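Just so it is clear: chains get the letters A, B, ... in the order the sequence lines come, proteins before strands, and each one is counted from 1. Just so you know, these numbers use all the heavy atoms, side chains as well, and skip hydrogens, waters and symmetry mates. Since this is a predicted model, take the numbers as computed values, not measurements.
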Number of protein chains: 4
Amino acid sequence: MSRPLRADARRNRAKILAAAEQVFAEGGPEASTEEVARRAGVAAGTVFRHFPTKADLLRALMKDLLEQVTADAAELATSGDPATGLFEFFGRLVRRTAANRTVVGLLAVPLSGPITSLADVVAELLRRAQEAGAVRLEVRPDEVMALLESTCQGALSGAWTDDLRDRTLEIIFFGLRAHRPLPHPGTGWAES
Amino acid sequence: MSRPLRADARRNRAKILAAAEQVFAEGGPEASTEEVARRAGVAAGTVFRHFPTKADLLRALMKDLLEQVTADAAELATSGDPATGLFEFFGRLVRRTAANRTVVGLLAVPLSGPITSLADVVAELLRRAQEAGAVRLEVRPDEVMALLESTCQGALSGAWTDDLRDRTLEIIFFGLRAHRPLPHPGTGWAES
Amino acid sequence: MSRPLRADARRNRAKILAAAEQVFAEGGPEASTEEVARRAGVAAGTVFRHFPTKADLLRALMKDLLEQVTADAAELATSGDPATGLFEFFGRLVRRTAANRTVVGLLAVPLSGPITSLADVVAELLRRAQEAGAVRLEVRPDEVMALLESTCQGALSGAWTDDLRDRTLEIIFFGLRAHRPLPHPGTGWAES
Amino acid sequence: MSRPLRADARRNRAKILAAAEQVFAEGGPEASTEEVARRAGVAAGTVFRHFPTKADLLRALMKDLLEQVTADAAELATSGDPATGLFEFFGRLVRRTAANRTVVGLLAVPLSGPITSLADVVAELLRRAQEAGAVRLEVRPDEVMALLESTCQGALSGAWTDDLRDRTLEIIFFGLRAHRPLPHPGTGWAES
DNA sequence: TATGAATGAGCCTTCATTCAT
DNA sequence: CATGAATGAAGGCTCATTCAT
């Protein structure tokens, strides 16, 4: 592929991505490329040199985001408490999304590679949670992904308070959970 | 107010709404008004005579949609089986949304009247389901609306098969459901 | 020419002209034909049946206006005090214009016939004023018309108070007037 | 603020202003921005990069014009013959306007700074002319501005020959002028 | 390579005018 | 004849993308 970028070029790429994250987080994917350039302190042309197309920029952004998220999940998948890892991750992602409209782009811009690995890590989190007896055995990875996606979208609606978001998540978690003696005198489970 | 439209005008209005439904269903609210006109087989000006503003067109569309949906829910709320009404409605709406991206507009275009009544009807469905012992008592109406909204959004992702959608819904329903005597065999969870 | 209109047609014509006078007085010639129709209580098509073109409507309007103004002037020219008639008329017209932006149209829409007769009546007013010794003899009709037109335009600027308008007119009248001793050689006037 | 434009940009800006001067001179402020672009040999977008709004373009144009005019007046106010400066300036401006309908914009587009200074300079010209005994002492600056404005407007009518214009101006000047024994025992005319 | 000006297609909207009802 | 819906050409403006400097 393209050989290693010059130092300043790499720096610019980073500045642009950082600016883009802000800009698209605020304005969603409709935000203008020019605004990204402005916020990055470069000229429009520079943005297009690095990302020939607005879609490319969005894709790159989402790849980054996914990598972070995936790394986060991967850590939970190896070091955390298996019983809570999935829920913890789910909650984190939804909260993050609420502050970052970029993710809407996930709908518009077709992703290819990395998303797979997110799915992989989520699958791992799920497996562990099931092994730990925290999640019903018949829940499948694609269902978790679907719930994740939905809830992230919902979190963008702007009308969600933190409280509503947490209560809503609780219902979904309840739906995922294996209910041994079926408690719910009080929903009785902690959320970090 | 405006008296009954002339026959041809009413026909055009209908054609425009139909075209708009298609166009916005496919392209979301960003789709162009011009495209709506083209698809309706009228000139741009005609669209604007009927809906002075793009937002007006979207509002009209959504009002229609909401009215249908609300009517649907209202019927379930009065005539159907209280235990299943909420779930039935939830599923119907999600399925419907999957084929109609217009609903995204619900986020962008501020609605006034009818949306309230949708929330009202949903609250009623919820109340009945709880009375019938089908839904946990601590579930609140706003949570149901939030789940509804999220799932509808998710259903737009395009990546959902009918099967995935149904399995995902089932998890949410499980989360809503009161599991005391564990009715509903086949919803199956771990360890009998 | 076109034979006498049916009674209702004539009534409509009048209603339209009346509405147009209002509308254009308020909004100038940019005002929309549709607004005229609305205010006249007829449909757009009716306006165009009577006046095939917006310009035709404006022309008709101005013809009417001119006729009134001309009649006004004609009366002053026959019955009033010769020494003050011209000034009186001048002032009236300017005041009237200030409240009626339609007159701007005089610039945009080429007039033909009637304006001549206005010029004629003004010439008559001028002649009498000169005979009465109230206006310098070398003042010519076209100059008076030019001053009239200019001042009417100026009166539209919106920034004129009644007071400013009167003081400005006074200067112009002073310029027209015959000043007894008449010194100032070189400024070129009659009777050295 | 914005640092010096690139050479080509400055060239374009100039081309646009030049084209705009022509276009608006011919068609008045209603003329289309697109026509300006066409005449300047640039794309529409370029015009909007330089002047984000049509009003901005008009303002820039008028600012330029006013600056020239003001500079012109300022020079007359300091170096010329006090007795004729005002008249000279008045005449120049009217002649200039006759060839430039843009000035009509002065009515439509709200100006801020420079127009004040034009009024200031005119006031100065007036003061000097009065000191020199060339203009009646009771003439006030706002009256001169009003006459100026009116006459410029009138000059746009297209129907003025150079000769008519000069004769008309002469009457106004006569109205401004101090006439030897200064008659005007009362302005002596009735106003209704 | 970065810059930032230029491009030009496309968007929403308005309005004079035409024409089916 | 009147009606009022339909037309379609502009118009002002935005923005992704290209390209001269």
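- One interatomic measurement links the two molecules: CG of B:D56 to P of E:dT13, which rounds to 8 Å at whole-angstrom precision.
- In this entry the distance linking CD1 of C:I16 with P of F:dC1 reads 13 Å, nearest Å.
- Contact check, C:N12 against F:dA2: a side-chain N or O comes under 4.0 Å of OP1 or OP2.
- Taking atom CZ on B:F24 and atom P on E:dC11, their separation rounds to 11 Å, with Å as the unit.
- Shown here are the side chain to side chain donor-acceptor pair (under 3.5 Å) partners of B:R11, two or more places apart in sequence or in another chain: there are none.
- At a threshold of 4.0 Å, the pair B:R39-B:E21 does not count as salt-bridged, since none of the basic side-chain nitrogens sits closer than that to a carboxylate oxygen.
- Separating the CZ atom of D:R13 from the P atom of E:dG4 is a distance of 18 Å, rounded to the nearest angstrom.
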Report summary line: Annotated structure of DNA chain F as dot-bracket, pair cut-off 3.5 Å, Watson-Crick or G-U only, | for inter-strand, is .||||||||||||||||||||

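- Legend: salt bridge (Lys or Arg N to Asp or Glu O under 4.0 Å) pairs involving residues 47-57 of chain B, not counting sequence neighbours, sorted by first then second residue: B:D56-B:R59.
- Taking both residues in full, the closest heavy atoms of B:I16 and B:V36 are given as O-CG1, 3.9 Å, listed atom of the first, atom of the second, then distance.
- Of all the heavy atoms in A:L58 and A:P29, the pair that sits closest is CD1-CB, 4.0 Å.
- Partners of D:D8 according to the side chain to side chain donor-acceptor pair (under 3.5 Å) rule, which considers only residues two or more places apart in sequence or in another chain, are D:R6.
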**Report entry** Reading 5' to 3' through nucleotides 11-21 of chain F, protein heavy-atom contacts under 4.0 Å coded B for base, S for sugar-phosphate only, - for none
**Finding:** SSBB-SBB---

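- At least one side-chain heavy atom of D:L65 sits under 4.5 Å from a side-chain heavy atom of D:R96.
- Following rounding to the nearest Å, B:L58 (CG) and E:dT13 (P) show an atom-to-atom distance of 11 Å.
- Not a single side chain to side chain donor-acceptor pair (under 3.5 Å) links D:E34 to another residue, sequence neighbours left out.
- For E:dT3, the OP1/OP2 oxygens have a side-chain nitrogen or oxygen of A:T46 closer than 4.0 Å.
- The two residues B:F51 and B:A60 have their closest heavy-atom pair at CE2-CB, 3.6 Å.
- Going from atom CZ of D:R49 over to atom P of E:dA5 covers 5 Å, rounded to whole Å.
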